[in-house]
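Protein chains get the first letters and strands the later ones, always in sequence-line order, with residue 1 at the start of each.
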Amino acid sequence: MDAVFKALADASRRDLLDRLRADNGQTLSQLCERLAMTRQAVSKHLGILEEANLVATVKRGREKLHYLNPVPIHEIGERWIGKFERGRLQALSDMKKALEQEKRDE
Amino acid sequence: MSKPTFVYVTYIRSTADKVWAALTEPEFTAKTWFGARHETEWKPGAAWRLILQDGRVADAGEIVEIDKPRRLVLKWRNEKPELKEEGWSRCTIEIESAADNAVKLTVTHEANGPKLIEAVSGSWPRILSNIKSLLETGELVLENKIQ
């Protein structure tokens with residue numbers, strides 16, 4: 001679990017996870033597009049994410065596709081979120097989203 | 001074969017045989033798979049169905065490949081009308097040896113439509129967490145059932 005928190009403690013790595021969430025199964029080259037990071041830096045960050053099991057890779061021919069693996073994040077949630085809190089937390093989260101959306105639309 | 005839509009990976013301190021059993025045998029799936037059980041003869045070409053506790057058929061399809069306790073490929077369709085129309089998906093389950101007496105469990109799902117993706121992306125992390133916690137600690141994190 002240390003590896004997961006360490007991997008998530010970096011804004012560039014969270015950005016890479018966000019990109020995979022938006023479009024799962026990207027190659028290194030695709031992930032490097034429109035990023036102000038060198039290919040080498042992206043590759044290093046992906047290595048740390050893969051080590052923490054937050055990114056899973058699949059080989060397809062000569063390409064390596066990267067997938068966001070939410071299982072470790074799910075396990076963190078399971079550890080600290082009680083069984084009966086889930087509904088209330090979902091309601092709070094929905095309310096926050098709705099209110100912040102309203103503000104943006106004004 | 002199309003590009004996988006989702007890839008879920010978990011490392012479990014257990015053996016391939018036990019992970020296979022946790023995925024397939026009814027006394028385990030009753031706990032790890034929200035009360036559901038598989039109905040199949042576990043051989044290539046055999047029909048496969050996932051039956052909920054109340055007897056409803058949640059998913060149906062066919063065993064495409066089976067290599068116990070390493071690899072299972074299923075042709076998969078959710079039987080809810082709005083999901084059924086999205087057609088067939090393909091689910092691959094792989095169990096490999098990993099470091100530290102652990103096994104790596106990978107579930108890959110190739111789906112055609114957004115609704116099935118939404119349905120499976122909610123369930124797979126929970127099922128994998130359940131199997132990991134059941135095999136490693138003997139206890140379950142989640143006991144909730146599919147509605």
**Request:** Flag the pair B:Glu86 and B:Lys115 as a salt bridge only when some basic side-chain nitrogen lies within less than 4.0 angstrom of an acidic carboxylate oxygen.
**Result:** no

**Request:** Using a strict cut-off of less than 4.0 Å between a Lys/Arg side-chain nitrogen and an Asp/Glu carboxylate oxygen, indicate whether B:Glu41 and B:Lys43 qualify as a salt bridge.
**Result:** yes

**Item:** Main-chain N/O of B:Ala36 paired to B:Thr29 side chain as donor or acceptor, under 3.5 Å
**Value:** yes

**Asked** Would B:Trp42 and B:Trp48 count as a close aromatic pair, with their ring centres under 6.0 Å?
**Response** no

**Prompt:** Considering heavy atoms only, which positions within residues 37-46 of chain A lie below 4.5 Å of chain B?
**Reply:** none

**Nearest-0.5 Å distance, CG of residue A:Leu65 to CG of residue A:Leu28** = 11.5 Å

**Prompt:** Quick one: what part of B:Thr5 sits under 4.5 Å from any heavy atom of chain A, side chain, backbone, both or neither?
**Reply:** backbone

**Request:** List the steps, then state whether side-chain contact (heavy atoms from CB on, under 4.5 Å) holds for B:Val73 with B:Cys91.
**Result:** CA-CA 6 Å; B:Val73 181; B:Cys91 174; over 6 Å; no

**Message:** Once rounded to the nearest 0.5 Å, what's the spacing between atom CG of B:Asp100 and atom OH of B:Tyr11?
**Reply:** 11.0 Å

**Request:** Measure B:Lys132 against the heavy atoms of chain A and call it side chain, backbone, both or neither at under 4.5 Å.
**Result:** side chain

**Complete:** Under 4.5 Å to a heavy atom of chain B? For A:Ile73 that would be neither

